[in-house]
Amino acid sequence: MTTDDVRDVSLTVHAGEVVALAGLVGAGRSELVGALVGDLPIRSGTVRVGGKTLNLRTPRDAVRAGVGYAPEERKAQALLLGRSVWDNACISVLDRLRRWRFVLRSAERRLAVQFGDRLMER
């Protein structure tokens with residue numbers, strides 16, 4: 001999969017908005033999203049968040065910039081099916097939960113409870 005055939009795309013997304021891309025197989029939607037989330041290289045053009053140009057080399061770069069992604073095949077591409085709900089909820093922010101190379105379970109539990117509380121508010 002490459003971004004070579006993705007051209008002339010312009011999107012404006014505001015804070016809090018969720019955008020879905022649709023298209024036929026082979027239309028380039030997966031490649032476009034791969035580039036927007038740092039999974040595929042961007043050959044030309046820019047991605048900006050809050051007016052700041054991003055250099056997305058990895059998905060971690062996108063997460064740190066506040067860019068999220070829910071793949072169409074969530075069961076295969078997004079979930080850790082053999083792990084707990086807490087593990088799945090906290091996986092994208094492990095950097096904030098670690099000291100040295102160890103995950104602080106108390107911090108993980110606090111964050112998971114906060115996520116749960118926020119979900120119950122809605």
Side-chain angles (χ1 to χ4, degrees):
M1 189 168 30
T2 70
T3 56
D4 292 337
D5 294 327
V6 179
R7 292 187 180 95
D8 300 322
V9 176
S10 179
L11 298 171
T12 301
V13 181
H14 301 280
E17 288 183 339
V18 175
V19 175
L21 296 176
L24 299 173
V25 172
R29 61 187 159 81
S30 297
E31 292 81 0
L32 172 61
V33 171
L36 293 175
V37 299
D39 202 26
L40 293 174
I42 297 174
R43 305 233 187 266
S44 65
T46 58
V47 175
R48 290 189 299 265
V49 172
K52 179 182 174 188
T53 300
L54 304 181
N55 182 17
L56 302 175
R57 294 182 315 263
T58 67
R60 177 178 283 179
D61 295 337
V63 169
R64 286 182 176 153
V67 177
Y69 171 53
E72 59 188 307
E73 294 294 331
R74 285 170 297 288
K75 188 173 180 181
Q77 297 175 319
L79 297 175
L80 303 173
L81 295 176
R83 303 302 299 251
S84 70
V85 172
W86 285 10
D87 288 342
N88 277 275
C90 296
I91 192 75
S92 66
V93 292
L94 280 181
D95 286 349
R96 296 190 323 203
L97 303 175
R98 287 194 312 212
R99 182 168 300 144
W100 300 295
R101 296 180 63 105
F102 300 97
V103 174
L104 300 173
R105 293 296 178 191
S106 59
E108 184 182 40
R109 279 191 294 278
R110 277 193 304 275
L111 186 61
V113 168
Q114 289 173 3
F115 285 163
D117 289 346
R118 286 175 55 194
L119 285 171
M120 296 304 288
E121 290 173 4
R122 295 171 187 225

Separation of R110 CZ from L97 CG (nearest 0.5 Å): 9.0 Å
Salt bridge (charged side-chain N to carboxylate O under 4.0 Å, His left out): pairs with one or both residues in residues 76-86, sequence neighbours excluded: R83-D87
L11 with V37, same ILVMFWY side-chain cluster at under 4.5 Å: yes
E108 bridged to R105 by N-O distance under 4.0 Å: yes
Hphob cluster co-occupancy, L56 + V33, side-chain heavy atoms under 4.5 angstrom: yes
Value rounded to 0.5 Å, distance of CG in N55 from CZ in R57: 5.0 Å
Nearest heavy atoms of G23 and R29, plus distance in Å: O-NE, 2.8 Å
Nearest heavy atoms of A62 and G38, plus distance in Å: CB-N, 4.5 Å
4.5 Å side-chain heavy-atom contact, Q114 and L111: yes
Within one Ile-Leu-Val-Met-Phe-Trp-Tyr cluster: V113 and V103, side-chain cutoff 4.5 Å: no
ILVMFWY cluster, L79 and Y69 together (side-chain gap under 4.5 Å): no
Heavy-atom side-chain contact between D39 and P59 under 4.5 Å: yes
CZ-OG1 distance between R64 and T58, expressed to the nearest 0.5 angstrom: 7.0 Å
Transitive ILVMFWY side-chain link V19 to V9, under 4.5 Å: yes
Residue pair V47, L36: steps toward the side-chain contact (heavy atoms from CB on, under 4.5 Å) verdict: CA-CA 7 Å; V47 175; L36 293 175; 3.8 Å; yes
Within 6.0 Å of CG in L80, more than 12 heavy atoms from elsewhere: yes
CG on L32 to CD1 on I42, rounded to 0.5 Å: 9.0 Å
